[in-house]
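Worksheet: one structure, shown below.
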Amino acid sequence: MDADALKKQAAARALELVRPGMRLGLGTGSTAKHFVDLLGAKVAAGFSVLCVATSEVTQAQALSLGIPMSTLDETPELDLTVDGADEVDPELRLIKGGGAALLREKIVAAASARMVVIADDGKLVQRLGRFPLPIEVVPFGLEATRRAVVAAIATSGSTGELRLRERPDGSVLVTDGGHYILDAHLGTIAEPEKLALALNVVPGVVEHGLFIGLASGAILAGASGLTILGRIE
Ligand code: 5RP
């Protein structure tokens, strides 16, 4: 079975967690897109939910499907967020931001009583870091921030190259929040908590893609079925 079919299976299992009247955070990426499609079909059949999107892309998709949308200003507490991930480790620590939505994804996840990750099981890793860690930075002072990020990574015991993320046409990618992304190619992250804390205190860093203590469970779809990490109910 191809990865897309597995992503859809994980999304379908997550849909079973949705109860009438729930306030939901909607993730970003190809796996979350399946979830939003399935939720849209349920809403079209009369199901009631109120959702907050983690990106402009997801917002547009949800609105096109007739899903009732809100904001964290109107609905600051959510019951459940369902989102994808770039890497998941056995302790439910994540790397996110491959789709450049990490800032809103983290804000929405933090505003949710539960965050459930949906992914194909190729995202499960014993150690985070093979996927480049996205670090969202403000454009002002980019070079100074880049150097401070390099130092923060070194103090946390990791090393690697930082690359400013570009669009396919070679222009610099700008996030929904108007920021840039530095992708840290670390190979392996020895101490994710230490790195997260070190990055948190760099001026100019808006957010990073290490999600620690946010996911309550994960639904991972593989050739031999679904694997559940943590608690999803
Ligand atoms: C977007 C994300 C995505 O959830 C992550 O990149 C996974 O995407 P996909 O489901 O397409 O593999 O963090 O910022």
Side-chain angles (χ1 to χ4, degrees), residues 1-15 24-39 51-62 78 80-89 92-112 114-125 128-137 163 165-168 173-186 189 192 196 199 205-212 214-222 226-227 229:
M1 197 178 294
D2 68 12
D4 198 55
L6 295 176
K7 290 174 183 191
K8 194 166 179 179
Q9 281 186 4
R13 177 66 185 88
L15 194 70
L24 287 180
L26 303 179
T28 296
S30 56
T31 319
K33 183 173 184 298
H34 282 306
F35 179 79
V36 176
D37 279 338
L38 294 169
L39 182 67
C51 298
V52 173
T54 53
S55 64
E56 297 297 330
V57 169
T58 298
Q59 174 81 7
Q61 183 199 359
L78 304 176
L80 170 67
T81 286
V82 176
D83 201 349
D86 300 298
E87 285 187 349
V88 185
D89 81 1
L92 283 168
R93 297 177 294 194
L94 316 174
I95 288 184
K96 285 187 50 58
L102 63 124
L103 175 59
R104 293 188 188 183
E105 288 172 336
K106 198 176 276 191
I107 294 170
V108 169
S112 302
R114 285 184 294 149
M115 176 200 191
V116 171
V117 173
I118 50 175
D120 65 87
D121 67 359
K123 302 287 183 67
L124 181 62
V125 297
L128 298 175
R130 192 179 57 213
F131 190 91
L133 176 68
I135 302 166
E136 185 156 348
V137 299
R163 289 188 210 147
R165 195 180 300 183
E166 297 179 344
R167 294 185 186 284
L173 182 143
V174 179
T175 67
D176 284 345
H179 308 126
Y180 295 163
I181 290 184
L182 294 169
D183 286 307
H185 295 251
L186 304 175
I189 298 174
L199 291 172
V205 169
V206 182
E207 197 45 85
H208 55 77
L210 282 168
F211 283 46
I212 298 175
L214 286 170
S216 37
I219 301 168
L220 305 173
L226 296 176
T227 301
L229 294 184

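As the structure lists them, so they are numbered: ligands from 1, and atoms in each ligand from 1. This structure is a prediction, so every number in the text was calculated from the model and none was measured. Starting from 1, each residue takes its place in the sequence as its number.
Heavy-atom contacts of Lys7 reach the following atoms of ligand 1: 12 (O) (cutoff under 4.0 Å). Short contacts between ligand 1 and Gly99, defined as distances under 4.0 Å to a heavy atom of the residue, involve ligand atoms 1 (C), 2 (C), 6 (O), 14 (O). Numbered from 1 in the order shown, with element, the atoms of ligand 1 that lie under 4.0 Å from a heavy atom of Ala100 read 14 (O). Every atom of ligand 1 is numbered from 1 in the order shown, and the set under 4.0 Å from a heavy atom of Gly84 is 4 (O). Using a 4.0 Å cut-off to heavy atoms of Asp83, the atoms of ligand 1 that qualify are 4 (O).
By the criterion of a heavy-atom distance under 4.0 Å, neither the backbone nor the side chain of Ser55 is placed next to ligand 1. Residue contacts with ligand 1, taken as heavy atom pairs separated by less than 4.0 Å, do not involve Pro134 at all.
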Quick one, Lys96 with Glu207, criterion salt bridge (Lys or Arg N to Asp or Glu O under 4.0 Å). Give me CA distance, side-chain angles, the key distance, then yes/no.
CA-CA 11 Å; Lys96 285 187 50 58; Glu207 197 45 85; over 6 Å; no
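Between Cys51 and Val36, every side-chain heavy-atom pair lies at or beyond the 4.5 Å cut-off. Side-chain contact between Ile189 and Leu210 is present, with heavy atoms from C-beta onward closer than 4.5 Å. In this structure, the side chains of Met115 and Glu105 stay at 4.5 Å or more apart for every pair of heavy atoms.
Protein heavy atom nearest atom 1 (C) of ligand 1, with residue, atom name and distance: Glu105 OE2, 3.0 Å. The closest protein non-hydrogen atom to atom 12 (O) of ligand 1 is Lys123 NZ, 2.7 Å. Looking only at heavy atoms of the protein, atom 6 (O) of ligand 1 is closest to Asp86 OD1, 2.6 Å. The closest protein non-hydrogen atom to atom 10 (O) of ligand 1 is Thr31 OG1, 2.5 Å. Remark: minimum distance from atom 3 (C) of ligand 1 to any protein heavy atom is reached at Thr28 O, 3.1 Å.
Judged by distance alone, the side chains of Gln9 and Asp120 never bring a donor and an acceptor atom under 3.5 Å apart.
When the options Gly98, Gly29, Ala85, Ser30 are ranked by their closest heavy atom to atom 11 (O) of ligand 1, first place goes to Ser30.
Each of Asp83, Leu214, Val117 was checked for a side chain to side chain contact (heavy atoms under 4.5 Å, CB included) with Leu94, and the lone residue meeting it is Val117. Of the options Leu103, Thr175, Ile181, a side chain to side chain contact (heavy atoms under 4.5 Å, CB included) to Val206 is made by Leu103 and by none of the others.
Between Asp183 and Arg165 there is a salt bridge, since at least one side-chain N of the basic residue sits less than 4.0 Å from a carboxylate O of the acidic one. Using a 4.0 Å cut-off between charged nitrogen and carboxylate oxygen, Asp4 and Lys8 do not count as a salt-bridge pair.
Residue Gly97 places at least one N or O, backbone or side chain, under 3.5 Å from an N or O of ligand 1.
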